[in-house]
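Excluded from the calculations below are hydrogen atoms, water molecules and symmetry mates; all remaining heavy atoms, backbone and side chain alike, are included. This chain uses plain numbering: 1 for the first residue, then up along the sequence.
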Amino acid sequence: IIIVDNRSSKENKELLLDIQKKNPNLIKYIREDKIGLSNARNRGIKESSGEIIAFVDDDAIIPPHWMVNILNHFKLNSSAYVIGSKVIAQFTSPPPSWLTKELEVYISSFDKGEESFIMKYNEYPRGVNMAFRKDAFIKAGIFLDCFGRKGKSLMSYEEIEICYRIEKLGYNIVYIPNAEVYHLIRGNRLNDEWFIERHYWQGRSEGLFEIIHYGRKHIRDHFLTHLKNMYSKENKYKKSYHKGFIVAIFQNYFKRNFK
């Protein structure tokens with residue numbers, strides 16, 4: 001188990017080092033000072049020695065069968081290069097009555113049923129519960145630093161973007177139903193302001209993705225639709241999403257290199 005500490009507090013660092021000291025053959029503690037979720041994951045890839053690299057977040061609870069079922073599926077399915085499974089929300093306080101299934105997607109809830117299948121863009125595994133063959137990173141590259149959480153930013157899509165590259169190379173991204181994790185959802189996310197901001201950053205993320213992978217002509221062809229929706233009064237969340245998308249276009253349209 002590799003724990004990547006991405007510039008957490010001194011107290012947290014001491015706690016993690018103590019855990020490593022008590023479990024020297026099980027835990028490897030790594031400090032990554034370049035801030036950002038993608039940088040932390042890339043450091044984990046670099047430090048890994050196994051053929052399969054599985055990622056979870058620090059707010060996930062993992063059942064005993066999780067790794068066994070992931071490894072078994074990789075063993076049985078040589079064409080699978082990425083595997084994802086369910087992410088089941090565990091609320092630390094009662095969720096509000098207005099929290100819909102549509103909104104739960106934005107807190108990474110993910111359940112595609114009880115059958116395995118090959119996933120396609122943009123329904124890929126969630127970052128809190130995904131596993132890769134290490135060879136996938138050799139073939140497709142690592143996570144891009146321009147995506148993913150960084151400080152207070154809610155930028156996302158780093159797992160979607162890398163899975164898209166892997167799929168385009170012809171490798172399978174597979175959903176399995178029996179390697180679920182339980183994702184702790186704290187009360188500070190369960191308010192209207194957080195979801196509006198989360199939609200804004202989703203727009204920022206998808207706008208950047210489309211510039212990189214769909215090209216500038218695609219952006220020009222769809223720009224007016226996003227602009228119109230940004231001023232819509234029908235849905236405050238979608239309005240915030242399209243605002244973020246437009247900001248991503250203005251910030252990145254003329255860029256040529258994305259890392």
Greater than 12 external heavy atoms within 6.0 Å of [X]'s [atom1]:
X    : atom1 : answer
K86  : NZ    : yes
E47  : CD    : yes
K134 : NZ    : yes
E234 : CD    : no

Quiz prompt | Audit row: N129, W66, side-chain hydrogen bond (donor to acceptor under 3.5 Å, both in side chains) steps and yes/no | solution = CA-CA 10 Å; N129 186 16; W66 175 76; 2.8 Å; yes
Quiz item: Backbone N or O of F143 within a donor-acceptor pair of the S38 side chain at under 3.5 Å?
Solution: no
How about [X] and [Y]: are their ring centroids closer than 6.0 Å?
X    : Y    : result
F132 : F137 : yes
H218 : H222 : yes
Y124 : F110 : no
F209 : Y164 : yes

Quiz item: Stepwise, does the side-chain hydrogen bond (donor to acceptor under 3.5 Å, both in side chains) test hold for S8 with D5?
Solution: CA-CA 6 Å; S8 69; D5 177 359; 2.7 Å; yes
Quiz item: Considering the options W194, Y241, Y237, which one meets the ring pair (Phe, Tyr, Trp, His ring centres under 6.0 Å) requirement together with H199?
Solution: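 Testing H199 for a ring pair (Phe, Tyr, Trp, His ring centres under 6.0 Å) against W194, Y241, Y237 leaves exactly one candidate, Y237.
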Self-check item: Distance, nearest 0.5 Å, that separates CE of M130 from CD of E159
Solution: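 One gets 5.5 Å once the value is rounded to the nearest 0.5 Å.
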Quiz item: Nearest 0.5 Å, what's the CZ-CD1 distance between F74 and I52?
Solution: 4.5 Å
Quiz item: Does the side-chain hydrogen bond (donor to acceptor under 3.5 Å, both in side chains) test come out yes or no for H65 and E180, once each step is laid out?
Solution: CA-CA 9 Å; H65 60 261; E180 73 281 1; 2.9 Å; yes
Quiz item: For the residue pair G207 and I249, what are the closest heavy atoms and their distance?
Solution: O-CD1, 4.1 Å
Contacts table for residues 19-27: side-chain donor-acceptor under 3.5 angstrom, sequence neighbours left out:
{"from": "Q20", "atom 1": "OE1", "to": "Y29", "atom 2": "N", "distance (Å)": "2.7"}
{"from": "K22", "atom 1": "NZ", "to": "D18", "atom 2": "OD2", "distance (Å)": "3.2"}
{"from": "N23", "atom 1": "ND2", "to": "I19", "atom 2": "O", "distance (Å)": "2.9"}

Practice problem: Identify whether the distance between the nearest side-chain nitrogen and carboxylate oxygen of R189 and D59 falls below 4.0 Å. | Solution: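 Salt bridge present between R189 and D59.
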